[in-house]
Amino acid sequence: MPNPLQRQREFRNICGTFATGVMVLLSGGASPHGMTINAFMSLSLDPLLVAVSVHQGSYLADHLVRPGTPFSLSILGADQELLARFYSRPTRLRGQQSPGASPVRPGSELVIARAAAWIWCRTEQAIPSGDHWLLVAGVDDF
């Protein structure tokens with residue numbers, strides 16, 4: 001029987017074979033912090049809800065779990081791999097400029113310029129799920 005860490009790695013590798021889209025989640029207003037995510041789903045059409053999964057140890061987790069916290073989701077295009085890699089680095093310095101972030105609407109969370117699509121959300125629920133939070137978010141605009 002493999003050790004628990006080896007088993008987790010094997011499970012992660014298997015789940016990684018499922019083709020998914022890649023998004024950047026940005027939150028924090030004019031100087032946003034961000035992370036690459038691929039655990040996303042449309043949850044409800046009435047009301048409009050989405051769900052994203054965020055590691056509990058993520059530097060944004062404590063911020064995002066608060067009800068009402070606004071954030072944006074930018075669905076990246078195939079030509080935006082460098083941005084996906086930038087936002088996936090857990091060791092990235094907090095406060096480091098968010099490349100590619102661009103205002104689209106005054107007063108909204110920033111989004112990634114030239115993304116395939118954007119969704120503006122706000123946290124409604126944060127459900128602890130193993131070592132992650134499952135964030136249920138209301139959709140404000142898209």
Within one Ile-Leu-Val-Met-Phe-Trp-Tyr cluster: [X] and [Y], side-chain cutoff 4.5 Å:
X	Y	result
Leu26	Phe86	yes
Met41	Ile127	yes
Val139	Leu73	yes
Val50	Met35	yes
Val54	Val65	yes

So, for [X] and [Y], which heavy atoms are closest and what is the spacing to 0.1 Å?
X	Y	answer
Phe142	Trp120	N-CE3, 4.2 Å
Ser129	Leu134	OG-CB, 3.8 Å
Arg122	Gly68	CB-O, 4.0 Å
His132	Ser53	CD2-OG, 3.0 Å
Ala137	Phe71	CB-CZ, 3.5 Å
Leu110	Ser72	O-OG, 2.5 Å

Are any non-hydrogen side-chain atoms of Trp133 and Leu64 less than 4.5 angstrom apart?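 Side chain of Trp133 against side chain of Leu64, heavy atoms only: no contact under 4.5 Å found.
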Name every donor-acceptor pair, under 3.5 Å, that has one atom in a side chain of residues 74-84 and the other anywhere in the protein, sequence neighbours excluded.
{"from": "Ser74", "atom 1": "OG", "to": "Ile112", "atom 2": "N", "distance (Å)": "2.9"}
{"from": "Gln80", "atom 1": "OE1", "to": "Gly77", "atom 2": "N", "distance (Å)": "2.9"}
{"from": "Gln80", "atom 1": "NE2", "to": "Ala113", "atom 2": "O", "distance (Å)": "3.0"}
{"from": "Glu81", "atom 1": "OE2", "to": "Arg85", "atom 2": "NE", "distance (Å)": "2.8"}
{"from": "Glu81", "atom 1": "OE2", "to": "Arg85", "atom 2": "NH2", "distance (Å)": "2.7"}

Run the side chain to side chain donor-acceptor pair (under 3.5 Å) test against Arg12 and tell me which residues pass, sequence neighbours left out.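 With neighbours one apart ignored, the set is empty.
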Test side chain to side chain contact (heavy atoms under 4.5 Å, CB included) on Ile119 and Phe40; report intermediate values, then the result. CA-CA 12 Å; Ile119 303 171; Phe40 163 86; 4.1 Å; yes
From [X] [atom1] over to [Y] [atom2], what is the distance, rounded to the nearest 0.5 angstrom?
X	Y	atom1	atom2	answer
Leu43	Leu49	CG	CG	5.5 Å
Asn3	Gln8	CG	CD	9.0 Å
Gln6	Phe11	CD	CZ	15.5 Å

Using the side-chain hydrogen bond (donor to acceptor under 3.5 Å, both in side chains) rule, collect all pairs that involve residues 61-71, keeping only residues at least two apart or in two chains.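 For residues 61-71, and leaving out neighbouring residues, the side-chain hydrogen bond (donor to acceptor under 3.5 Å, both in side chains) pairs sorted by first residue read Ser27-His63, His63-Arg66.
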Sidechain-backbone polar pair: Thr123 side chain, Pro67 backbone, donor-acceptor under 3.5 Å: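 No: the side chain of Thr123 does not pair with the backbone of Pro67.
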Side chain to side chain contact (heavy atoms under 4.5 Å, CB included), that's the test. Do His55 and Asp131 meet it? Break it down for me. CA-CA 6 Å; His55 192 275; Asp131 61 358; 3.8 Å; yes
